[in-house]
Protein chains: 2
Amino acid sequence: MRCLMRLKANGLETVSSQALSSAAGVKPTQLRKDLTYFGQFGTRGLGYDVNQLTEMIAEVLGTNTLQPVVLIGVGNLGKALISYKGFEREGFEIVSAFDANPGVVALGKFMEIPVRPMDEIPKVLSEHQVRMAILCVPVEAAQSIVNVLIENGVTGILNFAPIVLLTPEGVTVNNVNLAIELENLSYFIQEHAPSSDETSDSDPTDGD
Amino acid sequence: MRCLMRLKANGLETVSSQALSSAAGVKPTQLRKDLTYFGQFGTRGLGYDVNQLTEMIAEVLGTNTLQPVVLIGVGNLGKALISYKGFEREGFEIVSAFDANPGVVALGKFMEIPVRPMDEIPKVLSEHQVRMAILCVPVEAAQSIVNVLIENGVTGILNFAPIVLLTPEGVTVNNVNLAIELENLSYFIQEHAPSSDETSDSDPTDGD
DNA sequence: TAGATTGTTAATCGATTAACAATC
DNA sequence: TAGATTGTTAATCGATTAACAATC
């Protein structure tokens with residue numbers, strides 16, 4: 001998607017699996033095979049229409065319309081995520097933040113992204129039809145908040161608390177554990193590690 | 001590793017691949033196979049010695065001794081990471097932070113983790129024999145800082161800037177891209193997505 | 001029509017797992 | 001010795017890739 005965006009910004013209208021895959025660092029066959037999983041979008045002899053492909057991927061990702069998201073827990077990390085511009089750029093809108101600390105709520109009341117007390121979660125979720133939440137609360141609070149979120153229609157959780165969340169079928173959890181990221185790195189700089197050959201993003205698989 | 005820690009905390013001295021794997025959410029065979037990649041640590045008929053296995057894994061991960069780490073870029077995210085206690089618990093020590101903004105440096109001069117100006121990077125890295133860095137600077141600054149880091153002996157970078165870093169062979173980059181995490185989640189809450197079956201951590205593969 | 005590039009088949013490769021002999 | 005559980009082999013499964021017919 002990001003490669004396509006770049007092509008689009010440069011005015012390209014058409015791209016071959018060859019060109020796009022090399023930009024993305026994968027093999028052309030891989031790219032074509034993956035795309036056909038969702039349908040047929042290319043033109044033989046020509047390649048793919050950049051606009052059409054962009055739109056199709058946005059639709060698959062669910063980012064073609066602005067996705068409302070809430071953020072729970074306005075500590076250091078929460079604040080950092082609120083001010084992160086990347087979410088918006090990719091089609092997400094943090095409609096509200098929540099915090100258990102009245103002081104934090106008072107301070108955040110009139111911010112661009114308002115901070116509300118926890119008991120307003122149900123109201124806000126139903127008002128904005130929110131289905132995704134970013135969770136940056138302490139481990140102790142995580143599970144009970146998740147229960148509330150799920151009761152109120154959330155089906156996707158980006159979880160920063162280092163704990164395995166229990167969720168019913170149909171709810172997806174993506175865990176981001178920064179300590180694990182660092183451990184992983186640590187492993188690869190040890191001499192016994194088979195030297196890794198490609199720079200790549202973390203790719204979370206995810207949750208029941 | 002985290003499962004083992006928990007067993008240890010509970011006074012368990014021995015664990016079977018069966019028990020450990022179910023705690024970790026993988027199959028017993030998988031666990032045994034993976035462990036043998038590093039050697040033979042079990043006792044047939046008995047299982048694995050928790051202490052011995054813990055130690056072996058810590059060694060493989062390189063977390064048996066405290067790993068010195070530096071953090072570059074003390075913005076919102078940088079601050080959040082500095083105050084994150086998880087790193088220390090897992091065997092990492094942020095020995096210093098760095099920032100390009102003199103104001104940030106002035107403020108952070110006498111913090112528990114000191115904030116220093118960028119030009120002191122070489123001195124600090126060699127003094128503490130630092131091999132790992134956490135990068136949370138703006139995209140524009142990322143590559144040039146990475147060059148400095150590598151020149152001064154860093155071989156592992158945890159990168160939060162949404163950019164593909166160019167690094168020589170032997171340097172590992174782990175990218176954490178929060179927008180991608182959210183996109184991934186978004187995909188799975190769409191109806192067309194094959195419902196995912198397991199909650200799991202992001203597992204970064206990594207970099208040349 | 002000739003050249004290009006897709007979508008798809010079949011071959012290859014690697015990773016997971018069941019089964020079991022080794023052995024505590 | 002009998003029961004348990006490892007380490008390892010061989011079978012299975014799924015994912016990647018090469019090759020190519022379809023077709024723009």
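Chain letters run A, B, ... following the sequence lines, proteins first, then strands; residues in each count from 1. Remember, predicted model here, so these are calculated numbers, not experimental data.
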- Query: Which one of A/V146, A/D99, A/L149 satisfies the side-chain contact (heavy atoms from CB on, under 4.5 Å) criterion with A/I72?
  - Reply: A/L149
- Query: Once you round to the nearest 0.5 Å, how far does OG1 of A/T14 lie from OH of A/Y48?
  - Reply: 11.5 Å
- Message: Under 4.0 Å, heavy atoms only, any strand: does B/T29 hit a base, just the sugar-phosphate, or nothing?
- Response: base
- Item | Bracket notation of DNA chain D in which parentheses pair within the strand, [ ] cross earlier pairs, and | pairs with another strand (Watson-Crick or G-U, under 3.5 Å) | ..||||||||||||||||||||||
- Query: Is the shortest distance from a Lys or Arg side-chain nitrogen in B/R2 or A/E183 to a carboxylate oxygen in the other one below 4.0 Å?
  - Reply: yes
- Task: Select from B/R32 and A/Q30 the residue whose nearest nucleotide in DNA chain D is closer to the 5' end of that strand.
- Result: B/R32
- Message: Tell me whether B/K8 is salt-bridged to B/E13, with the criterion being a basic N under 4.0 Å from an acidic carboxylate O.
- Response: no
- Message: Going 5' to 3' along DNA chain D, between which two nucleotides do contacts with chain A fall, using a heavy-atom cut-off of 4.0 Å?
- Response: D/dT16 to D/dC24
- Message: As a test of understanding, state which of A/V154, A/L125, A/I121 forms a side-chain contact (heavy atoms from CB on, under 4.5 Å) with A/V148.
- Response: A/I121
- Message: So, taking the atom named CG in A/L4 and the one named CG in A/L53, what distance separates them when rounded to the nearest 0.5 Å?
- Response: 5.0 Å
- Message: Return whichever of A/S16 or B/T43 has its heavy-atom-nearest nucleotide of DNA chain C closer to the 5' end.
- Response: A/S16
- Query: What distance do B/N175 atom CG and B/I157 atom CD1 have between them, rounded to the nearest 0.5 Å?
  - Reply: 9.5 Å
- Message: With rounding to the nearest 0.5 angstrom, report the SG to CD1 distance, A/C3 to A/I57.
- Response: 9.5 Å
